[in-house]
Amino acid sequence: MDRLVTYVGVIHGLPGPVSIVEQSVARERWLDQGFEVQRECTDYRFDNGVHLRRVVEQDQFPSELACAECWISYEVIGHAPCSQVSPAGKSFDNACRETFWLKYHLA
């Protein structure tokens, strides 16, 4: 069984046993209660047949936090013929949590 963290690491430029062979990006922007919200949806296809989607949504609401709130999610769209990626999805409420998760599980 393949680990989701392996693919997320490769998406972030870390070395891994798979490679991205194709990616496509869709972006949207809209106003919500006077603040601009941006959503970026990226589909990744890997050389072993796995297809992942990463969605990042963040607003331009002013924040004093060192790691401002945003919403990041990963979803397995398609598996390789002879393997399964686990877990099939993962979500974070800021980039710092995503970074910690990567470091912890790839250490």
Side-chain angles (χ1 to χ4, degrees):
M1 184 173 301
D2 292 340
R3 298 181 328 148
L4 178 63
V5 71
T6 301
Y7 294 89
V8 174
V10 170
I11 288 170
H12 284 278
L14 300 173
V18 294
S19 301
I20 297 169
V21 294
E22 182 183 338
Q23 73 183 55
S24 61
V25 180
R27 292 181 180 92
E28 299 177 77
R29 290 179 184 211
W30 65 91
L31 288 177
D32 184 8
Q33 298 180 5
F35 295 99
E36 183 179 33
V37 180
Q38 179 177 322
R39 181 176 192 254
E40 183 175 282
C41 179
T42 309
D43 283 1
Y44 296 92
R45 292 191 184 272
F46 294 87
D47 58 358
N48 66 350
V50 169
H51 179 189
L52 267 180
R53 176 169 292 150
R54 179 179 193 249
V55 177
V56 179
E57 188 175 303
Q58 60 190 108
D59 57 37
Q60 302 302 318
F61 187 79
S63 175
E64 298 295 321
L65 300 173
C67 196
E69 184 177 56
C70 68
W71 301 270
I72 303 166
S73 66
Y74 293 90
E75 179 185 2
V76 178
I77 304 297
H79 293 280
C82 296
S83 70
Q84 179 111 3
V85 178
S86 180
K90 184 76 177 155
S91 297
F92 305 95
D93 58 11
N94 66 48
C96 294
R97 290 178 193 254
E98 177 190 33
T99 301
F100 176 81
W101 178 78
L102 269 174
K103 288 181 180 179
Y104 179 82
H105 288 286
L106 292 177

List the residues meeting side-chain hydrogen bond (donor to acceptor under 3.5 Å, both in side chains) with [X], not counting sequence neighbours, and say none if there are none.
X	result
Glu75	none
Asn94	none
His79	none
Gln58	none

Can you sort out the partners of [X] under salt bridge (charged side-chain N to carboxylate O under 4.0 Å, His left out), two or more places apart, ordered by chain and number?
X	answer
Asp47	none
Glu22	none
Arg45	none

Quick one: list whatever passes ring-ring contact (aromatic ring centres under 6.0 Å, His included) with His105, sequence neighbours left out.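 Checked His105 against ring-ring contact (aromatic ring centres under 6.0 Å, His included); matches are Trp101.
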
Using a 4.5 Å cut-off between side-chain heavy atoms of Ile, Leu, Val, Met, Phe, Trp and Tyr, which other residues end up in the same hydrophobic cluster as Phe100?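 Hydrophobic cluster check, Phe100: joined to Tyr104.
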
Using the test side-chain contact (heavy atoms from CB on, under 4.5 Å), find all partners of Ser73 that sit at least two apart in sequence or belong to another chain.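 Partners of Ser73 under the side-chain contact (heavy atoms from CB on, under 4.5 Å) test: Val55, Ser91.
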
Any chance you could measure Glu40, atom CD, to Arg54, atom CZ, to the nearest 0.5 Å?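 So the gap between those two atoms works out to 7.5 Å.
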
Apply side chain to side chain contact (heavy atoms under 4.5 Å, CB included) to Phe46 and Ile11, showing your working. CA-CA 10 Å; Phe46 294 87; Ile11 288 170; 4.0 Å; yes

Take Tyr44 and Tyr7 through the test ring-ring contact (aromatic ring centres under 6.0 Å, His included) and record every step on the way to the result. CA-CA 9 Å; Tyr44 296 92; Tyr7 294 89; over 10 Å; no

